[in-house]
Every structure is written in structure tokens, then in C-alpha cells.
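Lettering of chains follows the sequences in order, A, B, ..., and the numbering in each one begins at 1. The structure displayed is predicted, hence computed values, not measured ones.
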Amino acid sequence: MFYREAGQFKTTYRADQAVFPIRQDLIGIVILMAFLVVVVPLTFNDFWISSVMIPTLIFALAAIGLNILTGFAGQLSLGTGGFMGVGAFACYKLTTIFPEVNIIVHIALSGLFAAGVGFVFGLPSLRVKGFYLAVATLASQFFLEWSFGRIPWLYNYNASGAIEVPNKYLFGIPIAGPTASAEARYLVVLAFVVVLTFVASNLVRGRFGRAWMAVRDMDIAAELIGIRLLPTKLMAFTISSYFAGVAGALMVFMWLGAAEVASFDINVSFQILFMVIIGGLGSIMGAFLGAAFIWNLPILLRGVPKFFGLDINAATVEHIQFMVVGGMIIFFLIVEPSGFARLWQITKEKLRRWPFPY
Amino acid sequence: MVLWILLVLAAGAAVYYGIRFEGSLKQRDRHAMIALSAITVVILGVQLYRAELLGEIFIEPFAFMGEAPDLFVQVLWQGFVDGTLYALIALGFVLIFKASGVFNFAQGIMVVFGALSLVGLHAAGVPAWGALVLALVIMGVLAVGVERIVLRPLVNQEPIILFMATIGLWYFLIGFGELIFGGEPKVMITEQLGLPTGRWRFDILGGRVNVNQLDVAAAAIAVLLVTGLGIFFNKTRIGRALRAVADDHQAAMSVGISLNQIWRIVWFAAGIVALATGIMWGAKSDVSFALAIVALKALPVLILGGFTSIPGAIVGGLIIGIGEKMAEFYWGPLVGGSIESWFPYFLALIFLLFRPQGLFGDKIIDRI
């Protein structure tokens with residue numbers, strides 16, 4: 001009854017092609033943004049902000065990156081963790097080489113390094129497809145992991161081999177490092193995620209996005225209608241890696257505070273791939289839903305025994321958690337292979353007809 | 001130095017693309033690419049010359065091989081042994097991929113799970129041979145369970161969905177295995193199973209070469225398994241049905257072959273292979289889930305051999321095993337060591353550029 005576009009007439013192409021052509025969507029997003037910007041920092045406690053909100057947003061960003069590559073361009077990748085690592089280490093090096101430049105600029109730039117690496121590792125994609133390509137991306141994952149541990153220059157030759165975040169300020173407020181408050185870090189992450197999501201959603205419905213989708217659906221047909229495969233696929237790899245790189249930089253500087261090789265291992269790649277698949281391939285919205293689900297499910301599971309007053313030791317809880325996550329993934333794939341994004345669409349359709357379904 | 005080597009690879013790849021795909025690229029792209037890579041090559045040449053790296057890469061390792069042939073043989077043997085194990089894991093992948101088109105990422109976990117249940121049962125007081133039989137039963141139950149709970153509801157889905165489901169299975173089995181048998185690394189019951197543990201020493205080539213009897217046993221078992229599977233595939237009724245399913249699902253169904261049954265058999269066969277691999281590998285190191293990451297090296301093996309070829313899995317496994325040991329021993333110190341972790345993938349990657357379908361794989365022909 002309330003959620004329908006009846007009566008909203010577009011008089012210009014511009015209005016017709018807006019990001020949110022339906023007025024209710026626009027109102028919804030404004031309310032959501034107001035909630036995220038004002039209510040969350042003011043009312044949520046530190047645990048919620050730094051263990052739930054910040055990681056969810058960061059992983060959502062990485063998932064958007066992978067979604068561009070896997071969901072839109074159809075190139076399966078298992079190397080996202082490595083690209084995130086490139087972003088993080090690039091950002092760390094930038095802060096040590098140019099300490100006077102603002103951290104925001106560093107984070108935005110560090111994605112470029114990841115993009116460069118992504119470009120190189122995207123080169124095989126012209127020659128190989130599908131699972132063969134997935135194995136090729138594993139090469140990047142393991143190679144990058146190895147370089148983070150073996151090239152001392154990357155972590156400034158310190159003994160621990162880990163990178164640590166120095167204090168960084170924006171307008172005199174600490175936004176990174178040990179003294180930064182959770183709220184400040186959260187707002188910076190939110191700003192990055194909002195801006196990059198906007199960029200991504202416009203990319204995928206524009207010229208690039210359509211080329212990617214054509215390549216995904218059938219590459220030979222795409223080539224026949226004049227899409228150049230190599231630049232298109234490489235563009236997908238580059239842009240996807242940029243997103244992953246920024247997510248990695250944010251992960252270290254705004255969330256973890258310190259990182260080592262193990263922070264970017266293959267499990268991270270899997271996790272993000274899960275987020276993309278469970279959220280829905282080829283959907284920006286799905287990346288957020290998937291990230292929220294995959295990241296928060298273990299937190300929820302940890303809370304369950306406590307809720308029922310059971311005293312189970314931590315190791316057992318962790319094992320059960322693995323089982324449940326694995327089981328849930330299989331369950332969701334069986335119930336809805338198109339992911340949460342599809343469920344969201346169905347809900348919207350239902351809302352349109354409510355309360356008079358036909 | 002690593003950066004330079006990376007650049008060499010990139011430049012090589014770029015040159016290759018530029019030259020190979022003159023038809024499929026716009027002239028402008030091609031020229032840009034060749035120019036870019038030419039510049040890289042020149043810079044690299046200067047760098048390499050200055051660093052005297054060329055000698056270190058292309059001459060000294062070979063000189064070292066010639067100087068110490070006994071060491072060379074030892075490295076070769078180590079590579080061969082690891083290669084057999086990679087080949088066995090890859091064999092499990094191939095069995096499943098051939099029959100069901102499922103890219104079973106969980107094969108590595110099945111290896112660990114099989115070994116873990118064997119050790120766990122023995123620790124619970126079951127005699128070794130009883131534990132072996134029970135572990136086989138567990139792999140059978142797993143095969144039936146996977147077919148019934150995971151594969152059947154997902155029939156007709158995209159390959160990527162099935163692939164994700166096997167990663168879900170990977171997580172589930174890790175949790176399940178650790179919950180039942182505990183998470184700490186365990187020692188394989190090598191002696192109780194009657195496997196030899198001694199070592200032979202050969203005084204040849206002016207030095208001494210050590211050969212673990214266990215490794216010889218592993219190789220022998222691998223040969224047995226492959227021969228057995230070969231006979232099974234080619235001579236038995238079920239084997240023929242399996243090949244029919246691998247060839248064409250619908251045609252196989254139309255002549256009365258039950259897909260579900262075939263899948264159960266195939267997953268069980270993969271489970272047996274996994275158990276054998278788990279025993280061998282567990283005897284060499286510990287039984288722990290860290291093995292699963294090592295087991296991922298079966299993927300480059302698959303690329304080399306082709307996803308659907310059993311001989312390919314064997315040959316690919318040996319190439320990867322020997323290649324990685326050689327690279328680690330002779331060229332690893334140049335870049336700081338431990339290149340074993342990524343070298344197989346790079347080998348496979350370079351290989352892919354020339355033969356995307358693998359050594360023995362079927363050539364993929366796309367139709368619109």
C-alpha cells in the first residue's frame with residue numbers, strides 16, 4: 001500500500017535513471033543513513049561499534065569488490081584476502097614514507113596499489129576461465145601471503161613482522177591508532193563505504209557494468225557485439241582489487257590496529273566469497289546482507305550458550321560454530337541459491353501488493 | 001629482487017598475450033602492450049646485469065646440481081614422494097569432477113577427516129585393522145550423506161553453487177572432526193597398521209641417499225590404487241556406468257543408470273583414496289587440519305593434468321612435487337626461501353598460458 005511507485009511520474013530521463021527512482025526507497029535510504037550517522041555513534045556501545053558495525057562495513061566493502069569481479073564480470077576469484085593485504089601494507093608504507101599526509105588520502109591511495117597488483121594477476125583471465133581461473137587466483141593469494149612475511153621492507157624491518165598503526169588525526173581528532181575512539185573510526189569507515197558503494201552502484205549500471213555482465217553471461221557473444229574482452233576483464237580485476245585494497249587498509253587502520261600475514265590468509269578470501277554468494281551474486285545490496293550475515297553469525301552463535309545458561313568451553317563452541325556455519329551455508333545454498341538479494345527482491349514485490357495480494 | 005622476478009613474469013605474460021592474440025586484440029592495445037613489456041624487459045635486463053642475478057639464476061644452481069649429484073637425487077626423491085601424495089589428492093578431485101561435475105574443494109578435508117577418524121578410533125581402543133575398516137565405513141556414510149543432503153537438493157544448479165557447497169562441507173567437516181576427535185595434532189598409528197618405518201641408505205654417486213621405507217610404501221600404495229581404479233573404471237559394469245555418467249548425464253540416465261547411485265559410489269571411491277592419502281601423509285607429519293591447506297596444492301596438479309584425467313593427475317602430481325622441491329632447494333635461497341607455498345601455483349599458471357586444458361584434459365570448445 002505504501003511501498004509502490006504508482007503516481008510517481010518521471011518527466012526527465014535524469015529522474016528516470018536516478019539511483020533510487022522510487023521515492024520510498026529514497027526516503028528509506030535517508031532514514032537509514034540518519035540512523036547510521038547519528039543514532040549508532042551516539043547510542044551503541046563500544047563492543048557493538050568496533051566488533052559488529054565496523055567489521056561488517058569493511059567486509060561489505062571487500063564483498064562489493066569481489067562481487068564486481070565474480071558477480072558482475074563472472075570471474076571466480078579466491079585471492080581477495082591477498083589484495084586486501086596489499087592495500088593494508090601499501091597504506092602502512094605510505095604512512096611511514098609520507099607521515100605528514102592525511103591518513104584518509106593514504107587509505108584512498110593504497111587501493112591503487114592493490115589495483116595494480118590485481119591488474120597483473122588478472123592477466124591470466126583472458127586465457128583461462130572458471131575453476132582454472134580460481135586456481136590461478138590462488139597463486140596470487142599464496143604469493144602475496146608469502147611476500148608479506150618474507151619482504152622485511154614491507155613491515156619496516158621490525159622484529160615481530162607485524163604492522164602497527166600509529167596515531168593519526170583528522171581535524172585534530174584521533175581517527176586511527178590506539179587513542180582513536182570507536183565512534184571516530186566508525187564514522188571514517190562509514191564515509192568510505194558510502195562513497196565507494198555509490199561509485200560501485202553507478203559503475204555496475206553504467207557502461208562498464210553492462211560490459212561486465214555481457215562477458216559474464218557469454219564471453220564469445222560479448223566479443224561479437226564489440227566488447228573487448230581483455231580490457232573489460234582487466235578493468236574488473238583492477239576495480240575489484242581497488243575495493244579490496246581500501247577494505248584491507250581500513251581493516252588494519254580503522255579496526256584491528258595491527259596486522260600480520262595471518263590477517264590476510266586464504267580463510268579471509270573464503271569468508272568474503274561466502275558473503276558474496278550468500279548475499280547474492282551480482283548485487284551490491286547482497287554484499288551488505290551477506291557481510292552482515294557471515295560476520296555476525298559466529299558472534300551470535302557464541303552468545304547462544306550463554307543465553308541459555310549453558311557452560312560450554314570455548315573450544316567446543318568454536319568447533320560447533322564451524323559446523324553451524326558450514327551447515328548454514330549449505331542450507332542457504334539449497335533454499336535460495338540466489339542469495340539474500342533475491343529474498344529482498346521477493347519481499348519488495350510482496351510489499352508492493354500488500355495488503356491486497358492477488 | 002622478488003619484485004623484479006614478479007615483473008619478469010608480468011612482462012613475459014604481457015609479451016605472450018601481445019604476440020599470441022594479434023587477432024583478438026585491437027592494434028592499439030597490442031602495440032601498447034608490447035611497448036610496455038619491452039620497456040619492462042629493458043629495465044629488468046639492466047637490473048639483472050647489475051645485480052649479477054643472471055648467473056645466480058641460470059648457472060649456479062645447475063653447477064651445484066652437477067657438483068653434488070647425491071644431493072640432487074635426494075631432492076628428486078623427496079619431490080617424487082610429495083608428488084605421489086599430491087597426485088593421490090588430485091585423484092580424489094578428478095574422480096568426483098569426472099562423474100558429477102562438482103569441483104570438490106573438500107577433498108583435502110576428507111583426507112584429514114579420514115586420517116583423523118582412523119587415529120581417533122584407535123585411541124578409543126579399537127584395534128588398528130578394526131579402526132581401518134570402521135574408518136572406511138565412516139567414509140562410506142559420509143559419501144551417502146553428502147549425496148543425499150548436499151548434492152541431491154542442489155542438482156541442476158550452477159557449478160559455482162555446488163563449489164560453494166563443498167566449501168560449506170569443508171567448514172562443516174573441520175568443526176565436526178574437531179568436535180569429536182579434538183583439535184590438537186595427532187600421531188598416525190603407522191606401526192600398528194603394519195607400515196614400515198625404517199629407512200634405506202644407498203651409497204651412490206659419491207654420497208649417501210636416504211630413502212624412507214614408508215615413502216616407498218606410499219608410492220606402492222599409490223600405484224596399487226591407480227591400477228585398481230583403472231581396472232574398476234575400464235572392466236567392471238559400474239565402472240562403465242561411471243564413464244557413461246562422466247560423458248553425458250542425460251544420455252546415461254536415459255539408458256537406466258541411476259545418477260544418485262553413481263554419485264554415492266564416486267564419493268565413496270574418493271573417500272577411500274582420501275583415507276589412503278591421509279594415512280600416508282599423516283605418517284609423514286602429524287594428523288591435523290593444517291594438512292588441508294597443503295592439500296590445496298592438488299589444485300595446480302589438476303591444472304597441469306586436466307580436471308578429467310586420471311593419468312593427468314598422476315603426471316601432474318609428480319611434476320608439481322619434483323618441481324617445487326627443486327625450486328625450493330636450488331632457487332629458493334635467492335628470494336628468501338619457503339617458495340614452496342606458492343611455486344606450484346605459479347608453475348601451473350605459466351603452464352595454463354600455453355595449454356589451458358591441461359596435459360591430458362579435454363579441449364574446451366565454446367559454442368554460442
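- Under a cut-off of 6.0 angstrom, the local environment of CZ in B:Arg148 is sparse, with at most 12 non-hydrogen atoms contributed by other residues, nucleotides or ligands.
- The ring of A:Phe143 has its center no closer than 6.0 angstrom to the ring center of B:Phe343.
- Both the backbone and the side chain of A:Phe274 have a heavy atom closer than 4.5 Å to some heavy atom of chain B.
- The distance from atom CG of A:Leu78 to atom CZ of B:Phe163, rounded to the nearest 0.5 Å, is 5.0 Å.
- In plain terms, the two heavy atoms of A:Phe270 and B:Tyr171 that are nearest each other are CB-OH, 4.0 Å.
- B:Phe172 is not listed as a side-chain neighbour of A:Val324, based on a closest heavy-atom distance of 4.5 Å or more.
- Heavy atoms of B:Ile149 lying under 4.5 Å from chain A belong exclusively to its backbone.
- Proximity to chain A is absent for every atom of B:Ala348, based on heavy atoms less than 4.5 angstrom apart.
- Both the backbone and the side chain of A:Leu333 have a heavy atom closer than 4.5 Å to some heavy atom of chain B.
- To the nearest 0.5 Å, the span separating OG on A:Ser147 from CH2 on B:Trp342 amounts to 8.0 Å.
- One finds the CG atom of A:Leu273 at 5.5 Å from the CD1 atom of B:Ile167 (value rounded to the nearest 0.5 Å).
- Proximity to chain B (any heavy atom under 4.5 Å) is restricted, for A:Thr70, to the side chain, taken from C-beta onward.
- Contacts of A:Ile334 with chain B are made by both backbone and side-chain atoms, with heavy-atom separations under 4.5 Å.
- Contact of A:Ile277 with chain B is made through the side chain alone, with heavy-atom distances under 4.5 Å.
- With rounding to the nearest 0.5 angstrom, the CE atom of A:Met323 is 9.0 Å from the CG atom of B:Leu173.
- Summarising the geometry of B:Phe346 relative to A:Ala139, their closest heavy-atom pair is CE1-O, 4.2 Å, with the distance given to 0.1 Å.
- For the atom pair A:Ile329 CD1 and B:Met164 CE, the distance stands at 6.5 Å (nearest 0.5 Å).
- At a 4.5 Å heavy-atom cutoff, A:Leu133 makes no contact with chain B through either its backbone or its side chain.
- In this structure, no portion of A:Ile278 lies under 4.5 Å from any heavy atom of chain B.
- The distance from the CD1 atom of B:Ile174 to the NE2 atom of A:His319 is 10.0 Å, given to the nearest 0.5 Å.
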